[in-house]
Amino acid sequence: MKMTRMAAALAVTMVAAAPAIAESLHFPMLNYRTGPFGPNGMAFADGYQDYLTLINERDGGIGGVPIRYTECETAYNTERGVECYQGIRGDNPLIVQPLSTGITYQLIPRTMEDRVPMHSMGYGRTSAVNGEVFNWTFNYPGTYWDGASVIINYLLEENDGSLDGKKIVLVYHNSAYGREPIPTLTRLSERLGYEFIPIAVDSPGQEQRSQWLQIRRERPDYVLMWGWGVMNPTAIQEAANIRFPMNNFIGVWWSGSEQDVRPAGEGAHGYRSLAMHGTGRDYPIYDDMQQYVIDAGLYAGTGDEVGTVLYSRGLYAAMLAVEAARTAQEIHGVGVITPAMMRDGMANLVITEERMAELGLPGFGPAFEVSCQNHGGSGEAMIQEWDAHNQEWNLITEWIAPDRELIMEMVMEDSLAYAAENDITPQCLERSGG
Amino acid sequence: MPETLLFAMEAAINGLAAGVMYALVALGFVLIFKASGIFNFSQGVMALFAALTLVGLQTGQIPFSHLINAIFGTRMHHFGFTLPTFVAIAGTVLVMIAFAWLVERLIFRHLVNQEPIILFMATIGLAYFLEGLGDIMWGAEVKRLDVGLPQGMSGPIDDLTFAWFGYGFFVDSLEIWAAAIAGLLVITLVIFSQYTKQGRALRAVADDHQAALSVGISLRFIWVLVWSLAGIVALVAGIMWGAKSGVQFSLSLIALKALPVLILGGFTSIPGAIIGGLIIGVGEKLFDFLLGPIVGSATENWFAYMLALVFLLFRPQGLFGEKIIERV
């Protein structure tokens, strides 16, 4: 009898909840708040969730349809990430953001098969820029190859247009993520005449003495870093220990958060990194964020991360997802969209400076357009520098463009090889019929 | 002197320093294994928890503040004062002693006479619990740990080696301090175990549980004592590693570096932990120096575990461990 009542109650609850689920836009979050990379994943997740909360609270959702977000903990572990995806794939996920290059690689074939769009913002497989092969994967506004090229272009500017005879070391996380920039930097070294030395660091990267002794012996002009988690502060501390000039040490955008520089204290002063977006709370959107999310006590996590670099990145990723959903609604003329419609929104996304200003984020990210041939956006990035005295990042350049000609050449080689291996005929997808 | 030889010497000296850091972690494992036969999986997390507590006390952080704020809607994070490092270390030692008492009272008292695998599994559970407790109590963000120890290139060693060889060796001042502190720790432990009543009781329990019990030694007291000592060793390891790369979850993974050290040195020998650490440290740094540039670096973990595997094949008890002979 008791069981029957419970079953009846469950059935009533499910029936009552069903319309709410159906009349919503499902944004799943594959987050990591635990494990060795938890401190980094947490800030991103908070920014992502807070932006979605803001849209729900201020605007009542996207086009009047509320956002429903679900969270699954991956612990930055590829197997767990795939399990998370398996858990949400049947629940009409509009966009998958794995926040891990390893998970992205695993999900590319799965999301293609399930026809679920995936966005790996500033990470993942670079050659997914070719939307004719990777119809369901997007990596705007920039990729690792763009990042590597932007750093080299910046160094060219710093060295009067020539890197001939210079020595550049790449310290990288020994994983799919860390190895991504190697082809670009190798190709550019052949073209520009600098000596390129890649040095791997095993995950998680707490012990790097051998690598930094090698760097000390090599006496490079510049050290670049593709690190994540504890590898970043350890590397910055080691660089300070061997008295390597911090202004010549430049990390990718995943090696440029407050968590990376603070443990090294004053030693980190002058360290530089790529910035794919602005940071800090000096944007008009934070007035609304304060009113609708923070003061209302609806913030994610502890609320300590608001305005930090990785929080800003989560917020930016959510903003791009919301804009893509809005575009999909406009294309198809409906409020409740399907994953296929969302893909259309992503494939036709246009971000202008004016739109960024309307969203309360003027100058926060680059202007770009997505097309079938280019899922990677503009690839532009800025350089930021850490001020240890004031405990803040300062942008020291405007947007710097990558060498897109070279990168597209490499993208085509890699993506067409992938297409041949996986029996894919490169083509643009027709718009979803709804 | 050829440049390559100088570089190899520098790598070897840095290997010795790294070995001391590994030995600091391995010591905690040895203490508990020797006295109770328990392989304490939570030793790395204990180092993390101790370091988190130290930073929390130093900076005047309110424990469980996020939980309190979430329940009561408050916005409290700090008491508004900071504690001197010495007082914070003393406070952390007290916390680790309280932790040892609770571990004995709530877990191991109920598992006496259980199989070693059961006790090992209990320490796995303890590791997960402690990891979560540390996060809830002090927050999961990366924290800077500064106990006033110097860090960076040691000037005197740089000058001295430059005067001798024309090339200044890099040695981290923090690791010189770590070596001195590890030496002091081992001497203190030896004096404690040789010349105090409790130390002799600890050795008696380590030699033979049953015989120690029969002469009236309290096994429970010894377990609290040994977990307290392991907690203090974890604090020292946490301070040294935390100063290198900040206090964060990854600190708990230093335990993985202690495993090959233990296999080399033996699970029951304090000198073994030190010498095992030094062998691993020097071996991995020299191996990486010689082959790293050819294979793309990142050979240290591989080398440490391969060496441990070789030892398991040819000398499974390690260099200083006790050989277990079981007659059927």
Side-chain angles (χ1 to χ4, degrees), chain A residues 33-43 171-174 178-179 182 197-214 216-218 229-238 240-243 257-265 267 297 301-305 308, chain B residues 3 7 10-11 14-15 17-18 21-22 65-66 69-70 73 75 77 131-132 135 139-146 151-153 169-170 172-175 241-254 256-257 281 284-289 292-293 295-302:
Chain A
R33 294 177 180 275
T34 63
F37 303 96
N40 303 69
M42 206 156 39
V171 186
Y172 67 95
H173 194 266
N174 199 13
R179 286 187 283 270
I182 293 176
I197 305 169
I199 299 178
V201 173
D202 260 343
S203 184
Q206 240 168 343
E207 178 56 40
Q208 299 178 29
R209 181 54 45 79
S210 295
Q211 287 80 359
W212 286 92
L213 284 178
Q214 189 186 341
R216 188 165 177 260
R217 290 193 297 270
E218 300 282 0
V230 73
M231 179 185 155
N232 292 335
T234 308
I236 293 167
Q237 182 64 59
E238 290 284 1
N241 286 350
I242 67 162
R243 297 171 192 165
S257 74
E258 292 81 356
Q259 320 223 21
D260 301 326
V261 283
R262 281 192 178 135
T302 60
D304 295 343
E305 304 287 348
T308 62
Chain B
E3 208 176 37
F7 292 157
E10 185 187 36
N14 274 277
M21 300 286 279
Y22 302 154
S65 59
H66 295 314
N69 293 342
R75 293 254 174 110
H77 291 288
E131 192 185 303
D135 274 0
E141 68 277 10
V142 182
K143 296 173 179 67
R144 174 166 160 74
L145 175 61
D146 184 4
Q151 207 164 354
M153 188 190 281
F169 286 6
F170 171 84
D172 189 353
S173 306
L174 181 76
E175 289 177 351
W241 282 93
K244 267 168 82 88
S245 47
V247 178
Q248 54 181 309
F249 176 89
S250 298
L251 199 59
S252 64
L253 302 179
I254 54 173
L256 295 176
K257 263 296 186 194
E284 68 178 22
K285 294 290 178 287
L286 281 178
F287 186 84
D288 200 78
F289 169 72
V295 298
S297 204
T299 61
E300 285 135 313
N301 287 341
W302 180 88

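Just so you know, these numbers come straight off a predicted model, no measurement behind them.
- Only the side chain of B:Tyr22 has a heavy atom closer than 4.5 Å to any heavy atom of chain A.
- With chain B as partner, the option from A:Gly38, A:Ala200, A:Pro233 having the largest number of non-hydrogen pairs under 4.5 angstrom is A:Ala200.
- Inter-residue side-chain proximity for A:Gln208 and B:Glu300 is flagged as unmet; no heavy-atom pair is nearer than 4.5 Å.
- Heavy atoms only, all atoms of each residue included: A:Asn241 and B:Gly152 are closest at OD1-CA, 3.3 Å.
- For the set B:Ala298, B:Ala17, B:Gly132, B:Ala11, the count of heavy-atom pairs under 4.5 angstrom toward chain A peaks at B:Ala298.
- No side-chain N or O of B:Glu284 forms a donor-acceptor pair with one of A:Ser210 less than 3.5 Å apart.
- The closest side-chain heavy-atom distance from A:Arg262 to B:Glu141 is not below 4.5 Å.
- Your options are A:Ala264, A:Pro36, A:Pro198, A:Pro39, and the one with the most heavy-atom pairs under 4.5 Å with chain B is A:Pro36.
- In this structure, the side chains of A:Thr34 and B:Phe249 stay at 4.5 Å or more apart for every pair of heavy atoms.
- Between A:Met42 and B:Ala140 the shortest heavy-atom distance is CE-CB, 3.7 Å.
- The two residues A:Gly265 and B:Arg144 make their nearest non-hydrogen contact at N-NH1, 3.5 Å.
- Considering only heavy atoms from C-beta on, B:Asp172 comes within 4.5 Å of A:Arg209 through its side chain.
- Neither the backbone nor the side chain of B:Leu145 has a heavy atom closer than 4.5 Å to any heavy atom of chain A.
- Two residues are said to be in side-chain contact when any heavy atoms from C-beta on lie closer than 4.5 Å; A:Val230 and B:Gln248 meet this criterion.
- Of the listed residues (B:Glu131, B:Lys257, B:Met21, B:Glu175), the one with the most heavy-atom contacts under 4.5 Å to chain A is B:Glu175.
- Between B:His66 and A:Asp304, some side-chain heavy-atom pair lies under the 4.5 Å cut-off.
- Here B:Asp288 is the residue among B:Asp288, B:Leu256, B:Asp146 with the most heavy-atom pairs under 4.5 Å with chain A.
- Using a 4.5 Å heavy-atom cutoff, the side chains of B:Phe289 and A:Leu213 are not in contact.
- Between B:Ala18 and A:Glu207 the shortest heavy-atom distance is CB-OE2, 4.2 Å.
- Interface check for chain B: of the options A:Gln211, A:Arg216, A:Arg33, the most heavy-atom pairs under 4.5 Å are formed by A:Arg216.
- For the options A:Ile242, A:Asn174, A:Asp260, heavy-atom pairs under 4.5 Å to chain B are most numerous at A:Ile242.
- Judged by a 6.0 Å distance limit and a 45° cone about the ring axis, A:Arg217 is positioned over the six-membered ring of B:Phe7.
- Here the shortest heavy-atom pairing between A:Gln259 and B:Val142 reads OE1-CG2, 3.1 Å.
- At a threshold of 4.5 Å between non-hydrogen side-chain atoms, the residues A:Glu238 and B:Lys244 count as touching.
- Summarising the geometry of B:Ser250 relative to A:Gln206, their closest heavy-atom pair is O-OE1, 3.0 Å, with the distance given to 0.1 Å.
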